[in-house]
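Everything on this sheet refers to the single structure shown next.
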Amino acid sequence: MKRIYQFICAFCLVCGFTACNDMLDTNPDNIIKEDEYINKEDEIYKGMLGILNRMQEAGDQAIWLTDTRASVLETTDNAPDALKAIYNFDPTNGNEYADPTCYYAIIIACNDFFHKMGEYHKNVGGMSESTENNFKALLSSAIRFKVWAYWMLGKIYGKAYWFDDPLTDMKDLSDTNIFTYCEMQQLADKCIGLLDNGITVDGLSIPSDLKVNWAAWLNPETEDATAYVQWEYLVPPTILLRAELVSWKCNYESEDAAQADWLWIRDTLLKYLYDIHMAEEGTELPIPNYNTTDEQGELAMIFQTNLWLRFDLAHSYTTLFSSEEIGNKSQVVSAILYDYTNHQRNRLVQYLCPAYPSNDAFYLRPSQYGQDLYNEEDIRGITQRMVMDRINGQPCMTKYYMYYDGTAHTYKYLRTNIFEIQPSIITFRGHDFHFLLAEAENHLGNWDQAETILNKGITSRFPSNTLSDSTWCQYYASWFAPRGGYGNAGIVGAAAGRVHKLPKPTDPNYNLSEAERKQIYDWAIADEHLKEYVAEGKSYSYLCKMAERYSNGGRGDQAAARDSLIKRIVPKYTSAAAQQKVRGSINGNGYFIQWDLKD
């Protein structure tokens, strides 16, 4: 009988949950045994750390697995054969980089946390006030971690096995009482359902959007929020998780049926941003470590795509990534954090930096084709050096390990010892709001809004700083200066990138159908997504989303959709044989990563 999770179950039972200061230490002497967990309050803490540990182990997986197939990065001669195989579109089943174990380990850890927290709540005589206050919020956080893991499985592999049971031994994959095989359409529905309905634990209804008061829980004696500000960024937010999943759900609906979903994305995200930008003084905001008494206008820049990103080098675009301290990053929404001093590692600097002190390091670099996608003024391109640069004569991605020193007017490594740099891996950031809004406005038929958000922004579209067009939702008024910080410059404008010249219904001799126009705009948004999210594990999956959309819902056919994806990545490959191999692989096996979950 074929089995699933033989490795995962053994891994989780052996490794268990680790202690606070050794989150990646899997020494069996430090493990909480099955019959011991959870018996006291500190095990609740360790159980949550166990989930965070699994998140750390999954953090860079999508980057190596998907950015290798996107339009910018290529493998170096140093890269291991398995990574080159991913890049070359060789079969991925059995490839160590394609193994989805890390995502299923998160799901298993979350399911076990739900189960054990329920047992603890049922059996315990009472909890401390701080634990009582955060009990539901901790479970709510685990819901979002579980949804994030399934979303990652769906957009990378196009399928997953859904299960809610805690797994303490091997289970038969054919047992439909435990496992439900889901392709992306059903997976998106189940994730959205979990976010909307939450879970029930020992009779308690747990919604998905509760926020943990980390300072009060972890240090109730002082409740020093500043000491725990980074914890505020650990959990992906419900609003963006749901919006991303809804945008995938729309792929499988007809355009008419999808209108309600696109409207939800547009109105919900706009209202969220509006409430933040227009908050009265003293208002508690749904974002970490910010208040409404800021006198420098920084509050109003939060989650904006604005001129500040482009022009203020002291707080440049690179500060999104080139820091190991996530707190006070106005464009960061959530992130996976690492601490070198506590043995918490990812492979970002090792794989991307040609000066890393290891003979077998430096596996991925910007291809020549990828470099040429950016105009010289684009702050993400190699000329401006903020995101990619040349080190030891090698073109490389520098966004995770170099920063601009405004005093010395040069770029420097984050640490003297390069191997100690442990940058965070961002799961959501401000640009996500804008890409989703452009996508939603496009499908709502609002081409002007979609083109404006994608290209030069509202400040350029309405230079009088007045929303003078009644077809625009009034929530956009909060995007202007001064409440909009330095003014909204659009996705392209904030990076000084190359403007997308899109057909407009007001153009002379315009003769496109609305369906044709929407598709052109969608692929333009995808093109910019490819340039914006290099080495973040997001770019290639966006192409997959577009290809799925234009293969379903009566919007097109599979062959044409695959061809649209292929032509965006094939030019990166320098030989005709390699290009033909990519075409053949995608036309034959599809664009998702292939992995057989059965033995």
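Note that the numbering runs from 1 along the sequence shown for the chain. In this text the structure is predicted, and so the values were computed from the model without any measurement.
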Using modelled atom types only, decide if a donor and an acceptor are shared between the side chain of Asp261 and the backbone of Ser247 within a distance under 3.5 Å. no
Side-chain heavy-atom pair Val72, Lys531 within 4.5 angstrom cut-off: no
Determine yes or no for a side-chain-to-main-chain donor-acceptor pair under 3.5 angstrom, with Ser367 supplying the side chain and Gly370 the backbone. yes
Determine yes or no for a side-chain-to-main-chain donor-acceptor pair under 3.5 angstrom, with Trp595 supplying the side chain and Ala98 the backbone. no
What one should report as the nearest heavy-atom pair of Pro366 and Gln371 is O-NE2, 3.3 Å
Are the charged groups of Glu532 and Arg380 less than 4.0 angstrom apart, N to O? yes
Please evaluate residues Cys353 and Phe362 with respect to the criterion side chain to side chain contact (heavy atoms under 4.5 Å, CB included), reporting the C-alpha separation (whole Å), side-chain torsions for both, the decisive distance (0.1 Å), and the verdict. CA-CA 5 Å; Cys353 179; Phe362 189 42; 5.8 Å; no
Any donor-acceptor pair under 3.5 Å from Glu74 side chain to Lys572 backbone: no
Sub-4.5 Å side-chain heavy-atom contact between Leu348 and Tyr401: no
Return yes if some donor-acceptor pair links the side-chain N/O of Asn342 with the main-chain N/O of Gln344 below 3.5 Å, else return no. no
Under 4.0 Å between a Lys/Arg side-chain N and an Asp/Glu carboxylate O for Arg345 and Asp339? no
Partners of Phe428 by ring-ring contact (aromatic ring centres under 6.0 Å, His included), sequence neighbours excluded? Trp151
Side chain to side chain, Ile108 and Tyr103, heavy atoms closer than 4.5 Å: no
How would you list, by chain and number, every residue that makes a ring-ring contact (aromatic ring centres under 6.0 Å, His included) with Phe419, sequence neighbours excluded? none
Minimum heavy-atom separation for Leu245 to Val147, with atom names? CD1-CG1, 3.6 Å
Treating Asp99 as the side-chain partner and Gly94 as the backbone partner, does any N or O pair qualify as donor plus acceptor under 3.5 Å? no
ring-ring contact (aromatic ring centres under 6.0 Å, His included) with Tyr157: which residues, sequence neighbours excluded? none
Between Arg242 and Asp196, is the closest basic N to carboxylate O distance under 4.0 Å? yes
For a quick test of reading the model, state the closest non-hydrogen atom pair linking Leu436 to Ile265 and the distance between them. O-CG2, 4.0 Å
Before accepting this row, confirm whether a basic side-chain N of the pair Glu420/Arg415 lies closer than 4.0 Å to the acidic partner's carboxylate O. yes
Ion pair present between Glu548 and Lys545, side-chain N to carboxylate O less than 4.0 angstrom? no
Do the side chains of Lys399 and Glu536 get close enough for a salt bridge, i.e. N-O under 4.0 angstrom? yes
How are the rings of His431 and Tyr533 set relative to one another: parallel (under 30°), tilted (30 to 60°) or perpendicular (over 60°)? perpendicular
How about Ser140 and Asp209: does a side-chain donor come under 3.5 Å of a side-chain acceptor? no
For Asn346, does its backbone N or O pair with a side-chain atom of Gln422 as donor and acceptor, under 3.5 Å? yes
Heavy atoms only: give me the nearest Tyr356-Ala361 pair and the separation to one decimal. CD2-CB, 3.7 Å
Any side-chain donor paired with an acceptor under 3.5 Å for Thr76 and Asn78? no
Geometric class of the Tyr150/Trp162 ring pair [parallel <30°, tilted 30-60°, perpendicular >60°]: parallel
Show the numbers, then the answer: is there a side-chain hydrogen bond (donor to acceptor under 3.5 Å, both in side chains) between Gln368 and Asp372? CA-CA 6 Å; Gln368 187 59 56; Asp372 293 343; 3.0 Å; yes
With a 4.5 Å limit on heavy-atom distance, are the side chains of Cys182 and Tyr161 in contact? no
Main chain of Ile586, side chain of Arg562: is a donor-acceptor contact present, judged purely on distance under 3.5 Å? yes
Name all residues meeting the side-chain hydrogen bond (donor to acceptor under 3.5 Å, both in side chains) criterion together with Asn93; count only those two or more places apart in sequence or in a different chain, and write none if there are none. none
Starting at CZ of Arg549, measure out to OG of Ser564 and round the result to the nearest 0.5 Å. 13.0 Å
Could you tell me if Thr427 and Ser334 have a donor-acceptor pair between their side chains, going purely by distance under 3.5 Å? yes
Are the charged groups of Lys538 and Asp67 less than 4.0 angstrom apart, N to O? no
Look at the side chain of Ser208 and the backbone N and O of Ile143, then say whether any donor-acceptor pair between them is shorter than 3.5 Å. no
Rounded to the nearest 0.5 Å, what's the gap from CG on Leu187 to NZ on Lys155? Could you check? 12.5 Å
Taking all non-hydrogen atoms of both residues into account, name the closest pair between Gly381 and Met388 and its distance. C-CG, 3.5 Å
Set of residues satisfying side-chain hydrogen bond (donor to acceptor under 3.5 Å, both in side chains) with respect to Tyr542, sequence neighbours excluded: Glu439
Name each donor-acceptor pair under 3.5 Å that joins a side chain in residues 79-90 to protein atoms two or more places apart or in another chain, with its distance.
unit_1: Lys84; atom_1: NZ; unit_2: Asp77; atom_2: O; d: 3.2
unit_1: Asn88; atom_1: ND2; unit_2: Lys84; atom_2: O; d: 3.0
unit_1: Asp90; atom_1: OD1; unit_2: Lys581; atom_2: NZ; d: 2.3

Could you pull out the closest heavy-atom pair between Tyr540 and Thr66, with the gap in Å? CB-O, 3.3 Å
Could you give the distance from CE (Met546) to OG (Ser551), rounded to the nearest 0.5 Å? 11.5 Å
Side-chain donor/acceptor of Asp60 to backbone N/O of Arg347, under 3.5 Å: yes
